There are 2 protein chains.
Amino acid sequence: MNIGEAARRSELPPKTIRYYEEIGLVTPARDTNGYRAFSESDVHRLVFLGRARALGFTIEDCRALMALWADSQRASADVRRIATDHLARIEAKIADLRAMQHTLSHLVSACAGDDRPDCPILQTLEHPG
Amino acid sequence: MNIGEAARRSELPPKTIRYYEEIGLVTPARDTNGYRAFSESDVHRLVFLGRARALGFTIEDCRALMALWADSQRASADVRRIATDHLARIEAKIADLRAMQHTLSHLVSACAGDDRPDCPILQTLEHPG
DNA sequence: CTTGACCTTCCCCTGACTGGAACCCCCATA
DNA sequence: TATGGGGGTTCCAGTCAGGGGAAGGTCAAG
């Protein structure tokens, strides 16, 4: 199948699929006219990639996960380690964002938001505390 | 003062300060030897930038905030709108990350993480639900 | 006079794509 | 047979907010 149908079936944009080929995550065959020819297993890999990316795994995580997926001798510990590391990064990011949210929501509720210039948001950026 | 001291006082890396000059967020004078000569108000602007960036505002948000900061005729509504928009983006991002965290933490706790190949993480990436 | 710390510009690199230009291929219709 | 449209292809450039490092100029101390 051509890239268009592979895109519909994997729910990934054609551009993304070409990029994944460029970095070696999929290697579709080629027709004589130069068009990419995707097999069912190529689509299967693309769907896997889409799900892993949707969970926030990096491309390099995806590469490692796909290698483990293909390896019937894998240790589930290796998969789990990738996931726990990723989970830790996510939780750190959530903590950062929640700190920003905390500060910002206080500032926003303290600001009148009218046509006068007085603004605790700017005051805090200038001199916090 | 030279960029090194401006960096220490603003707690921003010299590279970042040069970048901010390149995109027009600060415009330090120059000594005859070509070195940047930062004034107190330049440092003040850098500190403001550092705080705004620490709250997650984009560079373009910072540019707008600094323009409002410099404008004694500003309406606090304009400042507040920038902050509320940014807060909304942060909250959307937190929601995304929490969804990932939710799914990932379930997967991690379901995975034995031993030397056997059976792995609900890979199974779910292959066939969710 | 030399050493070492500082400063300068310049260019390339990051992640994970996205947009666009220029061009090729295939099928249907007038 | 022309042509129009909807595929496909490659390559280049841009995104965001800087970071790394090279090649070279400047300055104060020993």
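None of these values were measured; they are calculated from a predicted model. Lettering of chains follows the sequences in order, A, B, ..., and the numbering in each one begins at 1. As a basis for the values below, the full set of heavy atoms in this structure was taken, side chains included, without hydrogen atoms, waters or symmetry mates.
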Once you measure the plane-to-plane angle for B:His44 and B:Trp69, does it fall in the parallel (<30°), tilted (30-60°) or perpendicular (>60°) bin?
perpendicular
Around B:Arg116, counting heavy atoms of other residues, nucleotides and ligands shown, do more than 12 lie under 6.0 Å from its CZ?
no
Atom-pair distance (CG on A:Asp31; C1' on C:dC25), nearest Å
12 Å
Between C1' on C:dT18 and CZ on A:Arg53, what's the gap in Å once rounded to a whole number?
14 Å
Could you give the CG-to-P distance, from B:Leu25 to D:dA17, as a whole number of Å?
10 Å
Provide, to the nearest angstrom, the distance between the CD atom belonging to B:Glu60 and the P atom belonging to D:dG18.
12 Å
Could you tell me which residues satisfy side chain to side chain donor-acceptor pair (under 3.5 Å) with B:Glu22, sequence neighbours excluded, listed by chain and number?
none
NZ/NE/NH1/NH2 to OD/OE distance under 4.0 Å, B:Glu21 and B:Arg30:
yes
Whole-Å distance, A:Glu22 CD to D:dT9 P, equals 13 Å
Expected rows: protein N/O vs nucleotides 6-10 of chain C N/O, under 3.5 Å:
from: C:dC7; atom 1: OP1; to: B:Gly4; atom 2: N; distance (Å): 2.6
from: C:dT8; atom 1: OP1; to: B:Arg36; atom 2: N; distance (Å): 2.7
from: C:dT8; atom 1: OP1; to: B:Arg36; atom 2: NH1; distance (Å): 2.9
from: C:dT8; atom 1: OP2; to: B:Arg18; atom 2: NE; distance (Å): 3.3
from: C:dT8; atom 1: OP2; to: B:Arg18; atom 2: NH2; distance (Å): 3.2
from: C:dT8; atom 1: OP2; to: B:Arg36; atom 2: NH1; distance (Å): 3.1
from: C:dT8; atom 1: O5'; to: B:Arg36; atom 2: NH1; distance (Å): 3.4
from: C:dT9; atom 1: OP1; to: B:Arg30; atom 2: NH1; distance (Å): 3.3
from: C:dT9; atom 1: OP1; to: B:Arg30; atom 2: NH2; distance (Å): 3.2
from: C:dT9; atom 1: OP2; to: B:Arg36; atom 2: NH1; distance (Å): 3.3
from: C:dT9; atom 1: OP2; to: B:Arg36; atom 2: NH2; distance (Å): 2.8

With a 4.0 Å cut-off on N to O distance, would you call A:Arg45 and A:Asp42 a salt bridge?
no
Mind calculating the distance between OH (A:Tyr20) and P (C:dG15) to the nearest angstrom?
14 Å
Check this one for me: any side-chain N or O of A:Thr16 less than 4.0 Å away from OP1 or OP2 of C:dT18?
yes
Take atom CZ of B:Arg89 and atom P of D:dC16, then tell me their distance rounded to the nearest Å.
12 Å
May I have the distance from A:Arg63 (atom CZ) to C:dA16 (atom P), rounded to whole angstrom?
10 Å
Look at A:Arg63 together with A:Glu60 and state whether they make a salt bridge at an N to O cut-off of under 4.0 Å.
yes
